[in-house]
Amino acid sequence: MDPQQELFTRLLTEIRKKGYDVYDDGLPAEGTPYPFIYLADSQQTDHVIKGAVFGNVYQTIHVWHNNPKKRGTVSAILLDIKGICWNMRKTKNFLWCPMDTSQRLLPDNTTKRPLLHGILDAAFKFY
């Protein structure tokens, strides 16, 4: 399995184990209860040295809440996800070294009702 797909699948599984609603095939339909998480884009860079493949995977994860006053709730969800990322060490085919995470919280006015949007970018090395 491709490293980014293996990491994506593990993240999806581990976030769901925490009890969160997670979507991975696009944003959910209108009317979906908040808060929810969307596993968005992944990027992978590969390096080959003497036949050994290693590299980096970058994963973006979004969290939305329909109450902009629930900043603490969104921050707690992001912290739970960061904990999953920070503890990623091994999947079936790869060893992982979490490199860093960055997060942003911003207002989202793309719907009739204002939302709070959290964005988490996580970077991993794989071996």
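Keep in mind that this is a model prediction, so the values were computed, not measured. Only heavy atoms go into these numbers, but all of them, side chains included; no hydrogens, no water, no symmetry mates. FYI, the numbering just counts along the sequence from 1.
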Find the distance between [atom1] ([X]) and [atom2] ([Y]) and round it off to the nearest 0.5 Å.
{"X": "Leu39", "Y": "Asp25", "atom1": "CG", "atom2": "CG", "answer": "11.0 Å"}
{"X": "Lys125", "Y": "Trp96", "atom1": "NZ", "atom2": "CH2", "answer": "11.5 Å"}
{"X": "Thr91", "Y": "Gln5", "atom1": "OG1", "atom2": "CD", "answer": "11.5 Å"}
{"X": "Gln103", "Y": "Leu120", "atom1": "CD", "atom2": "CG", "answer": "6.5 Å"}
{"X": "Leu7", "Y": "Gln59", "atom1": "CG", "atom2": "CD", "answer": "6.5 Å"}
{"X": "Leu78", "Y": "His62", "atom1": "CG", "atom2": "NE2", "answer": "11.0 Å"}

Worksheet item: Looking at the rings of Tyr34 and Phe36, which for Trp means the six-membered one, are their centres under 6.0 Å apart?
Response: yes
Worksheet item: Are Tyr23 and Tyr38 close enough that their ring centers fall under 6.0 Å?
Response: no
Worksheet item: So do Asp21 and Arg16 actually touch side chain to side chain, heavy atoms under 4.5 Å?
Response: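 SC-SC contact between Arg16 and Asp21 ruled out.
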Practice prompt. Would you please name every residue forming a side-chain contact (heavy atoms from CB on, under 4.5 Å) with Phe54, sequence neighbours left out?
Written response: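 Listed in chain order: His47, Ile49, Tyr127.
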Fill in: Contacts of type side-chain contact (heavy atoms from CB on, under 4.5 Å), residue Arg104, not counting sequence neighbours
Leu106, Ile119, Asp121
Can you give me the closest heavy-atom contact between [X] and [Y], atom names plus distance?
{"X": "Phe124", "Y": "Cys85", "value": "CE2-O, 3.5 Å"}
{"X": "Gly118", "Y": "Leu105", "value": "CA-CD2, 3.7 Å"}
{"X": "Pro114", "Y": "Asn109", "value": "CB-OD1, 3.9 Å"}
{"X": "Ala40", "Y": "Phe8", "value": "O-CE1, 3.8 Å"}
{"X": "Asn67", "Y": "His65", "value": "N-ND1, 3.0 Å"}

Whether [X] side chain and [Y] backbone form a donor-acceptor pair below 3.5 Å:
{"X": "Arg113", "Y": "Asn66", "value": "yes"}
{"X": "Arg89", "Y": "Leu95", "value": "no"}
{"X": "Arg10", "Y": "Lys92", "value": "no"}
{"X": "Gln44", "Y": "Gln4", "value": "yes"}
{"X": "Thr32", "Y": "Ala29", "value": "yes"}

Discussion item. Just by distance, no angles: are the side chains of Asp41 and Tyr58 close enough, under 3.5 Å, to form a donor-acceptor pair?
Written reply: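 No, no side-chain donor-acceptor contact under 3.5 Å.
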If Ile, Leu, Val, Met, Phe, Trp and Tyr residues are connected whenever their side-chain heavy atoms lie under 4.5 Å apart, and connections chain through other members, are [X] and [Y] in the same group?
{"X": "Trp64", "Y": "Ile77", "answer": "no"}
{"X": "Val74", "Y": "Ile84", "answer": "yes"}
{"X": "Ile81", "Y": "Met88", "answer": "yes"}
{"X": "Leu115", "Y": "Leu27", "answer": "yes"}

Worksheet item: Does CZ belonging to Arg71 count more than 12 external heavy atoms closer than 6.0 Å?
Response: no
Worksheet item: Quick check: are there more than 12 heavy atoms from other residues, nucleotides or ligands sitting under 6.0 Å from NZ of Lys82?
Response: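 Counting other residues, nucleotides and ligands, NZ of Lys82 exceeds 12 neighbours.
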